[in-house]
> 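Encoded as structure tokens, here's the structure I'll be asking about.
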Amino acid sequence: MRNTITQRGHWKKTHYNCQLSSLPDGTEVTVMGWLQDVRDLGKIKFLVLRDSTGVAQVTVKVDAATKNIVDLLSKLTRESVIAVKGVVKRTEKSRLGFEVIPSELKVLNYAKKPLPLEVTGKTPADFETRMSVRFMDLRRRSELLIFKIQHEVLRAIRSFLHEKGFTEVFTPKILASATEGGAELFKVKYFDKDAYLAQSPQLYKEVLTSCFEKVYEIGVYFRAEESNTPYHLNEFVSVDIEAAFMDYEDVMQLLEECIKHVYHHLAANCSRELRELGVELTKEDVTKHFPRITYSKALEVLQDKGFAINWGEDLTTPALRKLSEEFEGYYFITDWPTETKPFYIKPSVKDKNICEAFDLMWRHIELASGGTRIHVREELEESLRLKGLNPESFKEHLKAFDYGMPPHAGWGLGLSRLIMAITRRQNIREVVLFPRDRTRLTP
RNA sequence: GCCCCGGUGGUGUAGUCCGGUCUAGCAUGUAGGCCUGUCGAGCCUGCGACCCGGGUUCAAAUCCCGGCCGGGGCGCCA
């Protein structure tokens, strides 16, 4: 006999699993979800029904259940989608404190077998296996929680920036020129023209400070770098802000407050979820001041640790690992050599070799980068030339600096890197639903 | 792009150093059976695998070469 899929018909899901435990005994419910497991003891069968919010136990006593239910059960496979109408029974016999006694059962879809990985987590799966069947991997609660937490992080960031008077904007991701310099861009066809995918909203958000004053954008960007590390992706989400009449000290302070606000929000809204991921939030997470260390000071610290780096050189990954031994959690590296930073970063008035730039670090990973921007056209052109770039190819951008560009500053924060830091995951791919890296283009 | 490590049933592993008794072990899964309180259920029986291509050898999961794929460390990343 063929497996039959029933139409959902007029049935409506009345409750999510996470709501069931607080319902009074005898409440009639219709629950829908995935059959994670069946513990079959013969005359009594326990179904573990999972939905996006958690699991519920459906208890079927063969002698008391309808023949239809028993027949359907005999053919059910794990991860099939089912709907159960029944009543909630509060009982100490179930560890959840309740169970659902079914009166009707519908199979909404059958899952094939064998499954490509174990959703229960009983048998661990390789990274590669997990990524290749990511839709299944994400049914595991630990993986789902990462993205529930990311959702809360974004909610916190948006409310924080809104409170601070920032306007959320969207800038183009398809650009005419690849002349920004820096990272390699992906080239795409734009009808009969060549175009490039944006690697950041940098130039647009700066221009927008001349009208909105304070803007932020949460967007997806692309870099065609052949990186191969656990913290680089070719497609990533960045949280960018830019503010008129502020300098790097101001926006650094803002960034620190923003991260603290995120932790505050998480402590209030998802400490249980974080605990499930093995992360225990402490009071320090919300209160501790982020240490600030200048680039020059960092070099001294490294010198003491036997790491010789010439002034002016960028800090290598091994150097940053070494340096991070000095700090617990987040810290800023400030006052970088002008030559290590992009053309739009403002050199210090006191010393042209140093610029008003900072990186927010977590361990050896750069979470955010920001600074005071050059807002005077002549200085910007000078800076472009010093970096070996041609001001002519920035003509369109420079135009905005002719008509009242305010002094401004800003930063860009890698969202997934922040999520890595919060959830303590080791590989950025784990905190991205469908990561795009050097070799991964599917799923 | 460079260096290191790895690839064994659907899933995760043992075995590889030191080739043969590996007819490839275990767990999970899966199929069937027993079981009315399981909650990683338990017990019994069955099923299912050596990444690809060359080479060495009487003999290759095991050694050598190449490829593909993955992980880590770097580099690249205004």
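Chain identifiers are assigned alphabetically (A, B, ...) following the order of the sequence lines, protein sequences preceding nucleic acid strands; residue numbering begins at 1 within each chain.
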> Looking at B/G75, I'd like to know if its phosphate oxygens (OP1 or OP2) sit under 4.0 Å from a side-chain N or O belonging to A/Thr317.
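For B/G75, OP1/OP2 do have a side-chain N/O of A/Thr317 under 4.0 Å.
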
> Is any side-chain N or O of A/Arg95 closer than 4.0 Å to OP1 or OP2 of B/G40?
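Answer is yes, contact under 4.0 Å.
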
> Going through the distances and angles, do A/Tyr248 and A/Asp335 end up as a side chain to side chain donor-acceptor pair (under 3.5 Å)?
CA-CA 10 Å; A/Tyr248 80 131; A/Asp335 302 276; 2.9 Å; yes

> Check whether any side-chain nitrogen or oxygen of A/Lys45 sits under 4.0 Å from OP1 or OP2 of B/C35, and answer yes or no.
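For B/C35, OP1/OP2 do not have a side-chain N/O of A/Lys45 under 4.0 Å.
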
> Is the distance from OP1 or OP2 of B/C77 to the nearest side-chain N or O of A/Arg438 less than 4.0 Å?
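The answer is no; no side-chain N or O of A/Arg438 sits under 4.0 Å from OP1 or OP2.
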
> Just the atom pairs and distances: protein N or O near nucleotides 9-11 of chain B's N or O, under 3.5 Å.
{"unit_1": "B/G10", "atom_1": "O2'", "unit_2": "A/Leu115", "atom_2": "O", "d": "3.0"}
{"unit_1": "B/G10", "atom_1": "N2", "unit_2": "A/Glu118", "atom_2": "OE2", "d": "2.9"}
{"unit_1": "B/U11", "atom_1": "O2'", "unit_2": "A/Pro124", "atom_2": "O", "d": "3.2"}

> In terms of side-chain heavy atoms of A/Arg223, which of B/C77, B/A41, B/G1 is nearest?
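Looking only at side-chain atoms, A/Arg223 lies closest to B/C77.
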
> What I want to check is whether the side chains of A/Lys346 and A/Ser348 have a donor and an acceptor closer together than 3.5 Å.
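Judged by distance alone, the side chains do not pair up.
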
> Is there a donor and acceptor pair closer than 3.5 Å between the side chain of A/Ser227 and the base of B/C76?
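Per atom types, the contact qualifies.
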
> Is there a side chain to side chain donor-acceptor pair (under 3.5 Å) between A/Ser94 and A/Thr91? Walk through the geometry before answering.
CA-CA 6 Å; A/Ser94 162; A/Thr91 169; over 6 Å; no

> Please state whether the phosphate of B/G37, meaning OP1 or OP2, lies under 4.0 angstrom from any side-chain nitrogen or oxygen of A/Arg39.
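It does not, given that no N or O in the side chain of A/Arg39 lies less than 4.0 Å from OP1 or OP2 of B/G37.
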
> Within the structure, does a side-chain N or O atom of A/Thr439 lie under 4.0 Å from either OP1 or OP2 of B/G70?
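Indeed, a polar side-chain atom of A/Thr439 lies that close.
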
> Taking pairing as Watson-Crick or G-U wobble with both contacts under 3.5 Å, can you name the mate of B/G10, or confirm there isn't one?
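Across any shown strand, B/G10 pairs with B/U28.
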
> Less than 4.5 Å apart, any side-chain heavy atom of A/Met361 and any of A/Leu323?
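A/Met361 vs A/Leu323: side chains apart.
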
> Can you tell me if the side-chain N/O atoms of A/Asn228 get under 4.0 Å from OP1 or OP2 in B/G70?
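Negative; the distance criterion is not met.
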
> OP1 or OP2 of B/G29 less than 4.0 angstrom from a side-chain nitrogen or oxygen of A/Lys122, does that happen here?
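For A/Lys122, the contact criterion (side-chain N or O under 4.0 Å from OP1 or OP2 of B/G29) is met.
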
